[in-house]
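Remember, it's 1-based here, ligands and their atoms both numbered in the order they're listed.
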Amino acid sequence: MAALAGVVAAAVVLAVAELIGAFFTARATPLFALGSTFIDFTPPWLKDFAIATFGTNDKAALFVGMGLTIAVLACILGVVAYRKWALGVLGVLFMGAVIVACVVTRAGVGPADAIPTVLGTLAGLVALHRLMVPLWGMKKWPEAPADQAADDDARQQGGGTSRRGFFTAAGITAAAAGIAATGGRLLGAARNNVAQAREALRLPAPAKAAAPVPAGVQSPVPGVTPWLTPSNEFYRIDTALSVPEINVDDWELRVHGLVEQEVTLTFQDLLDAQLIESHVTLTCVSNPVGGNLAGNAKWLGLPLREVLARAKPKDGADMVLSTSVDGFSASTPLEVLQDDRDAMLAIGMNGEPLPLEHGYPVRMVVPGLYGFVSATKWVVDLEVTRFADNKAYWTNRGWSERGPIKTMARVEVPKSFAKVPAGKVAVGGTAWAQTRGITKVEIQIDNGDWVETTLSAEASTITWRQWSYEWGATPGPHYIKVRATDGTGEVQTDQRADPVPDGASGWQSVMVTVQ
Ligand SMILES: Nc1nc2c(c(=O)[nH]1)N[C@H]1C(S)=C(S)[C@@H](COP(=O)(O)O)O[C@H]1N2
Ligand SMILES: [Mo]
């Protein structure tokens, strides 16, 4: 029962903080601050394990893990408080202090944002005490053995009353916590109008439209990934537990560092600029061989070379450190942002404002580089600097400082471990080598010869390219391997590499059973 009291008190801490937190920064509530801090301290192998195991459900898995951990700690604290109240209070205050430390060290969060956690912790202490009183009442009875019969009576009565009192108090407190937490969520949502503002936002037409997509970019094989990824199916990878909510009127981008001229851009500046539209395939460095952390969208934005031309980088600068409102950062080679590939500050995705989780209102899109060194979402700061002087978020965590995308081919149909009928089997998939382009995709059945597949039309070298193949399948188990050749003539390496530190490599092998 003391353990239960601990769990209920923990619920009070979180619920009260959630309710009061509705009036503070969204990233400042205990669960988000704890989770975000945990993410920041996650070693590369654990991040990879999480993505490999939970995929893009990694955040849900984190919340479940946090919930269980907090529940266990709360049980322990409950028992401690029951045995020795002062020690329990110390424990609760210590936990509160840990959460406050997590809260105030988040990017874009001020000292005042500690208030929800402080008040939540105090409320939790009050609730814990309130629940301990009936428990202590029950503990007292066996210690007073005067008249045995009368005492048994009293103990049963007193114990029963206390027990009932405890469960009533625990139930009421838990229900109140539930109401407070739900109220906090609703209030928070009502106070945030960023989602509505996004709905109402109208984007200008581009000054330079996207190059027309040729017919036949889509692999004819049914079940192959759509060539253009719908925004709501686009993979999402980031460290943001709660999606940053930025008002376009508050958004500002500062370009500074090794520049002749500091530049500040507002969202209106972007709306008024000569925007371009371009299809670009983004890829995540954590994508395993054969994985699906890649997507192809039509982006609308201002070329970064124009932004940098205004700022005039000084000699010696070789990197741009882009930083998100939530503290994430990426290091991108300066020359990549100045050449003629369509690196941009994007405000539109597939004809609409960026979805909140894909970086609204402004993100970077850089063809040819993995997202962790280029695709900063919710971007608010560009510092022109040198690789020797500055390190980005993932580089500080064991990943490489540069991340050109490796050539990769993927079998999508048939799926691994599929059972297919003998005869003609349609095989198909997607390959990419952004900025170099795909010139060949070959397939190997078992240990046979490598055979060229039929390539679908190429839209550009910065988008992925699909392929198809008609296989005369004979009964039995078979392995299908695939490899691509890029525009420089280089064949995709068979050398297996893990995603850490600069991207997975190797040939995908798919096992199918032909019946
Ligand atoms: N602010 C912010 N931007 C970020 C990240 C992040 O964690 N935070 N992750 C990067 C990584 S690793 C990738 S692969 C891309 C993914 O972009 P998407 O979620 O729109 O697909 O965003 C990049 N931009
Ligand atoms: Mo990524």
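- Salt bridge annotation for Arg465-Asp486: absent, with no cationic side-chain nitrogen under 4.0 angstrom from a carboxylate oxygen.
- Salt bridge absent: Glu277 and Lys208 never bring a charged side-chain N and a carboxylate O closer than 4.0 Å.
- In the model, Ser231 has a side-chain atom that pairs as donor or acceptor with a side-chain atom of Asn350 under 3.5 Å.
- For ligand 1 and Cys284, the ligand atoms under 4.0 Å from any heavy atom of the residue are 14 (S).
- In this structure, the protein non-hydrogen atom closest to atom 24 (N) of ligand 1 is Ala375 O, 3.0 Å.
- A cation-pi arrangement is not found for Arg191 relative to Phe23, the charged atom failing to lie both closer than 6.0 Å to the ring centre and inside a 45° cone about the ring normal.
- The protein atom (non-hydrogen) at minimum distance from atom 13 (C) of ligand 1 is Gly371 CA, 3.7 Å.
- Listed here is the closest heavy atom pair of Met408 and Ala504: CE-O, 3.5 Å.
- Using a cutoff of 4.0 Å between basic side-chain nitrogens and carboxylate oxygens, Lys377 and Asp238 are scored as salt-bridged.
- Only the side chain of Phe328 comes within 4.0 Å of ligand 1, counting heavy atoms alone; its backbone N, CA, C and O stay farther away.
- Within ligand 1, counting atoms from 1 as listed, the ones closer than 4.0 Å to a heavy atom of Phe234 are 21 (O).
- Taking distance alone, with nitrogen or oxygen atoms compared against 3.5 Å, Trp394 stays at or beyond that limit from ligand 1.
- In terms of modelled atom types and a separation under 3.5 Å, the side chain of Arg363 and the main chain of Trp378 share no donor-acceptor contact.
- The distance criterion of under 3.5 Å between nitrogen or oxygen atoms is not met by Trp378 with respect to ligand 1.
- Those atoms of ligand 1 with a heavy atom of Ser324 less than 4.0 angstrom away are 1 (N).
- Note on Asp502 versus Lys406: salt bridge recorded, some NZ/NE/NH1/NH2 to OD/OE distance being below 4.0 Å.
- Looking at Leu282, Ile276, Leu275 one by one, the single match for side chain to side chain contact (heavy atoms under 4.5 Å, CB included) with Trp299 turns out to be Leu282.
- Looking only at heavy atoms of the protein, atom 19 (O) of ligand 1 is closest to Lys377 NZ, 2.5 Å.
- Stacking of Arg236 on the aromatic ring of Phe234 is not recorded, the 6.0 Å distance cut-off and the 45° axial limit not both being met.
- Against a heavy-atom cut-off of under 4.0 Å, Phe372 is close to the following atoms of ligand 1: 11 (C), 12 (S).
- Annotation for ligand 1: atoms under 4.0 Å from non-hydrogen atoms of Thr376 are 3 (N), 24 (N).
- If you look at Val285 next to ligand 1, there are no close heavy atoms at all, none under 4.0 Å.
- Regarding atom 21 (O) of ligand 1, its nearest protein heavy-atom neighbour is Tyr235 O, 2.6 Å.
- The shortest N or O to N or O distance between Ile237 and ligand 1 is below 3.5 Å.
- Here is the list of ligand 1 atoms found below 4.0 Å of a heavy atom in Asp326: 1 (N).
- Regarding atom 17 (O) of ligand 1, its nearest protein heavy-atom neighbour is Arg363 NH2, 3.0 Å.
- Among Asp40, Thr25, Asp113, the single residue meeting the side chain to side chain donor-acceptor pair (under 3.5 Å) criterion with Arg106 is Asp40.
- Inclusion of Thr239 in the set of residues having an N or O under 3.5 Å from an N or O of ligand 1 is warranted.
- Between Thr283 and ligand 1, no N or O atom pair is found at a separation short of 3.5 Å.
- Not a single heavy atom of Met364 sits closer than 4.0 Å to an atom of ligand 1.
- Between Lys391 and Glu401, at least one side-chain N (NZ, or NE/NH1/NH2) sits under 4.0 Å from a carboxylate O, which counts as a salt bridge.
- Between Glu357 and ligand 1, no pair of N/O atoms sits closer than 3.5 Å.
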